[in-house]
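Quick caveat, the model's predicted, so the values are computed rather than measured.
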Amino acid sequence: MVINEKSPALFEQIEEMVEWLGSFGKSKSNGVTRQLYSTEWRCAQKALEKRMNKIGLDVYFDDVGNLFGRLTGSRENTTTILTGSHIDTVIDGGKYDGAYGVIAGMIALQYLYETYGLPKKNIEVVSLCEEEGSRFPMTYWGSGSITGVRTIEDVQNLVDLQNISFIKAMQDSGFGQGKYRQPKRNDLDCFIELHIEQGEVLEREAMPIGVVSHIVGQKRYEITVIGESNHAGTTPMAWRKDAMYVASGLIQLLIQRAKETNSDLVATVGQLNLEPNIANVIPGKATFTVDIRHSDEDVIDQFSKKLFKEFQSIADRHTTDLKIKNWMDEKPTKMCEKLIEISELILTKDQIPYKKMASGAGHDSQMFSPFCATSLLFVPSHKGISHSPHEFTRTEDLEKGIRLLIKLLYELAY
């Protein structure tokens with residue numbers, strides 16, 4: 001398969017589509033806020049629907065708001081190759097996260113159709129309705145609904161910060177009323193997701209493409225230290241049960257142990273809350289989050305087990321109570337070896353350097369992987385910045401990723 005290596009039209013098309021899609025929900029800081037079932041989200045999905053129609057795809061929604069554009073295969077009763085990503089963003093996020101995968105899929109399908117006509121197998125590009133969990137406490141609603149991992153029962157009682165229910169928001173957007181086909185699919189041959197790295201490994205190592213071998217597992221905990229609130233001026237230091245003091249020791253130990261354990265293991269404390277949180281009162285309660293990630297489930301499990309044993313010893317030594325709540329336990333997800341091999345063969349033949357790597361962030365690919373062959377491919381992120389208006393990837397790198405996607409889809413479907 002030959003693709004013109006010098007294509008100003010493709011370069012310009014990528015830049016135009018990134019800016020165009022980024023205009024839906026564009027913020028004053030040049031970021032994007034496009035949360036699930038918001039006006040900005042709804043306008044973006046409808047605009048994508050029109051654009052998919054314009055390039056010759058058969059377009060349809062499912063009942064949760066996932067949008068699909070299809071090239072129907074010439075073979076009867078064939079399975080479907082799905083590519084794409086999510087359209088929702090965090091508040092004031094970037095214009096590449098998720099959106100790039102949708103844009104890439106549309107450009108790839110347009111190129112293949114105009115150059116080679118209809119494929120043998122069905123190919124669809126999907127604009128997944130949600131992945132981030134930035135409006136409601138639910139992640140992977142789009143891909144989870146397609147795979148059956150998420151159902152309407154999971155969102156019945158969810159509300160956003162404005163106390164708007166998930167169900168109302170969905171129905172106000174025209175979905176969740178049975179007007180469209182049900183989201184669960186049983187016809188998927190594979191899912192291919194092209195995404196920005198959201199880290200700086202590829203840029204630092206001057207690699208234009210990342211071929212993901214697996215997505216790391218994650219454990220998230222809420223740690224609560226319960227001491228005793230008391231007067232800051234009249235309570236001697238030796239008699240205190242200072243929850244903040246104990247929590248700070250636990251946090252320091254966490255980071256120290258993570259650095260000692262494994263170079264690929266990461267541990268983060270992202271939230272810390274104190275009670276009563278008053279300047280002249282000794283904190284009686286400290287609550288903080290712990291996020292632990294690694295590609296090997298056993299490494300995470302052993303690290304957590306040893307760490308929390310040390311946590312308990314420290315809490316006991318200071319006569320404080322300790323509560324540990326595990327509220328997320330995502331297993332590491334392996335990508336399809338066959339799809340990895342095909343991608344590597346394409347890149348090697350084209351003499352494009354690449355890095356086989358793990359993804360430190362979660363992606364829709366981990367929802368699809370247990371149900372069908374799944375591939376996750378990365379392009380570099382400048383300085384690793386993501387979920388920010390400063391998120392940026394050079395168009396040259398975006399183009400390399402799309403060229404790989406075109407050739408991969410051709411190998412699988414034509």
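- When only modelled atom types and interatomic distance are considered, H294 and D296 share no side-chain donor-acceptor pair under 3.5 Å.
- A salt bridge between R70 and E124 is present, with a side-chain N of the basic residue lying under 4.0 Å from a carboxylate O of the acidic one.
- Here R181 does not pair with D62 in a salt bridge; the nearest charged N to carboxylate O distance is not below 4.0 Å.
- Residues F166 and W141 place their aromatic rings such that the two centres sit under 6.0 Å apart.
- In the model, N30 has no side-chain atom that pairs as donor or acceptor with a side-chain atom of H390 under 3.5 Å.
- Between M357 atom CE and D264 atom CG the span is 10.5 Å, to the nearest 0.5 Å.
- The 12-atom threshold is not exceeded at CD1 of I91, counting heavy atoms of other residues, nucleotides or ligands nearer than 6.0 Å.
- In this structure, T374 contributes its side chain and C372 its backbone to a donor-acceptor pair below 3.5 Å.
- Under the 3.5 Å distance criterion, the side-chain polar atoms of S369 are matched with a main-chain donor or acceptor of K334.
- Q110 pairs with exactly one of Q13, K54, R51 by the side chain to side chain donor-acceptor pair (under 3.5 Å) rule, that one being Q13.
- For the residue pair D316 / Q312, a side-chain donor-acceptor distance below 3.5 Å is found, with atom types taken as modelled.
- Looking only at atom types and distance, the side chain of E193 has a donor-acceptor partner in the side chain of S85 under 3.5 Å away.
- For the 3.5 Å distance criterion, the side chains of H86 and D364 fail to qualify, holding no donor opposite an acceptor.
- Between the side chains of Q198 and S386, a donor-acceptor pair is found at a separation under 3.5 Å.
- Using a distance-only test at 3.5 Å, with no hydrogens or angles considered, no donor-acceptor pair links the side chain of S381 to the main chain of E200.
- The neighbour count for E344 CD, taken as heavy atoms of other residues, nucleotides or ligands under 6.0 Å away, is above 12.
- Here E19 pairs with K95 in a salt bridge; the nearest charged N to carboxylate O distance falls below 4.0 Å.
- Closest approach of P208 to I352, counting heavy atoms only: CG-CG2, 3.8 Å.
- In this structure, Y100 has its ring center at least 6.0 angstrom away from the ring center of Y96.
- Rounded to the nearest 0.5 Å, atoms CG (D92) and OG (S388) are 7.5 Å apart.
- Remark: side-chain polar atoms of D88 are paired, donor with acceptor, to backbone N or O of E131 under 3.5 angstrom.
- Side-chain contact of Q45 with S127: a donor-acceptor pair under 3.5 Å is present, judged by distance alone.
- Distance alone, capped at 3.5 Å, is enough to place a donor-acceptor pair between the R150 side chain and the T139 backbone.
- Put simply, SG on C190 and CG on L409 are 8.0 Å apart, with the number rounded to the nearest 0.5 Å.
- Side-chain atoms of Q256 and E260 form a donor-acceptor pair, as typed in the model, at a separation below 3.5 Å.
- Ring orientation note: the planes of F368 and F191 are close to parallel, at an angle under 30° on the 30°/60° scale.
- In summary, K355 and E197 do not engage in a salt bridge, as defined by a charged side-chain N under 4.0 Å from a carboxylate O.
- Ring-centre distance between Y221 and F308: below the 6.0 Å cut-off.
- Looking only at distances, a side-chain donor or acceptor of D63 sits under 3.5 Å from a matching main-chain atom of G178.
- In this structure a side-chain-to-backbone donor-acceptor pair under 3.5 Å is present from Y414 to G117.
- At a threshold of 4.0 Å, the pair K219-D329 counts as salt-bridged, since one of the basic side-chain nitrogens sits closer than that to a carboxylate oxygen.
- Between I167 and V155 the shortest heavy-atom distance is CD1-CG2, 3.9 Å.
- Not one N or O on the side chain of T78 forms a donor-acceptor pair closer than 3.5 Å with the backbone of R75.
- Between the side chain of D321 and the backbone N or O of V225 there is no donor-acceptor pair closer than 3.5 Å.
- The number of heavy atoms from other shown groups lying within 6.0 Å of CZ (F371) is above 12.
- Here I346 contributes atom CD1 and K407 contributes atom NZ; the two are 7.5 Å apart, rounded to the nearest 0.5 Å.
- Between K306 and E310, no side-chain nitrogen of the basic residue sits less than 4.0 Å from a carboxylate oxygen of the acidic one, so the salt-bridge criterion is not met.
- Using cut-offs of 30° and 60° for the angle between ring planes, the Y37 and W41 rings count as perpendicular.
- Atom-to-atom distance recorded for R257:CZ and L265:CG is 13.0 Å, nearest 0.5 angstrom.
- Using modelled atom types, no side-chain atom of N66 and backbone atom of L128 make a donor-acceptor pair closer than 3.5 Å.
- Checked for salt-bridge contact, E130 and R135 miss the test: no charged N lies under 4.0 Å from a carboxylate O.
- Note that OG of S304 and CG of N326 are 8.0 Å apart. Values are rounded to the nearest 0.5 Å.
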